[in-house]
Amino acid sequence: MNSIFKALNDETRREILDILKVKDLSAGEIADYFTISKPSISHHLDILKQANLISSEKKGQFVIYSLNTTIMEDVLQWILTLKK
């Protein structure tokens, strides 16, 4: 759970999650949304993958990233239990 909150603590990573909400994209396509370097985007993607917030699949010469909604649902359910 700590890795999830660490990943969500960064604005760039939250923006990446918002972008992946719309559709699955390659790292290069994700990088096009930002003014930071591609290695920085790769670092953010690695942190999101370690937290299981996104998944990746190799398609030809590209790696396509997808939002892992199952983990997001689990986090939301846990947060809602705190409200009770």
(request) Heavy atoms only: give me the nearest L20-I54 pair and the separation to one decimal. (result) CD1-CG2, 3.6 Å

(request) Mind checking the CG-CD1 spacing from L45 to I16? Nearest 0.5 Å is all I need. (result) 5.0 Å

(message) What's the separation between atom CD1 in I4 and atom CD in Q50, rounded to the nearest 0.5 Å?
(response) 12.5 Å

(request) Report whether F62 and V22 are members of the same hydrophobic cluster (ILVMFWY, side-chain heavy atoms less than 4.5 Å apart, transitive linking). (result) no

(request) Could you go through the side chain to side chain contact (heavy atoms under 4.5 Å, CB included) check for D24 and Y65 one step at a time? (result) CA-CA 6 Å; D24 302 345; Y65 293 91; over 6 Å; no

(request) Keeping the roles fixed (side chain from E29, backbone from S26), state whether a donor-acceptor pair exists under 3.5 Å. (result) yes

(request) Identify the two heavy atoms, one from V63 and one from S56, that lie closest to each other, and give their separation to 0.1 Å. (result) CG1-CB, 3.5 Å

(request) Run the numbers on L25 and I64 for side chain to side chain contact (heavy atoms under 4.5 Å, CB included), then give the verdict. (result) CA-CA 5 Å; L25 297 169; I64 304 299; 6.0 Å; no

(message) Are I47 and F34 connected into the same hydrophobic cluster when the rule is that any two of I, L, V, M, F, W, Y join if their side-chain heavy atoms are below 4.5 Å apart?
(response) no

(message) Are more than 12 heavy atoms, taken from residues, nucleotides or ligands other than K58, located less than 6.0 Å from that residue's NZ atom?
(response) yes

(request) Please report the closest heavy-atom contact between N52 and N68, naming both atoms and the distance. (result) O-ND2, 2.9 Å

(request) State, to 0.1 Å, how close I36 and H44 come at their nearest heavy-atom pair, and which atoms those are. (result) CD1-CD2, 4.0 Å

(message) Once rounded to the nearest 0.5 Å, what's the spacing between atom CD1 of I41 and atom CG of D32?
(response) 9.5 Å

(message) Membership question, hydrophobic clusters at under 4.5 Å side-chain separation (ILVMFWY): are I19 and I71 in the same one?
(response) yes

(message) Quick check for you: to the nearest 0.5 Å, what is the distance between K6 atom NZ and S3 atom OG?
(response) 8.5 Å

(request) Quick one: pull up CZ in R14 and CG in L17 and give me the separation to the nearest 0.5 Å. (result) 9.5 Å

(request) For residues L48 and A7, report the shortest heavy-atom separation together with the two atoms involved. (result) CD2-CB, 4.0 Å

(message) Rounded to the nearest 0.5 Å, what separates atom CD1 in I30 from atom NZ in K38?
(response) 11.5 Å

(message) For D46, is there an ion pair with K49 - N to carboxylate O distance below 4.0 angstrom?
(response) no

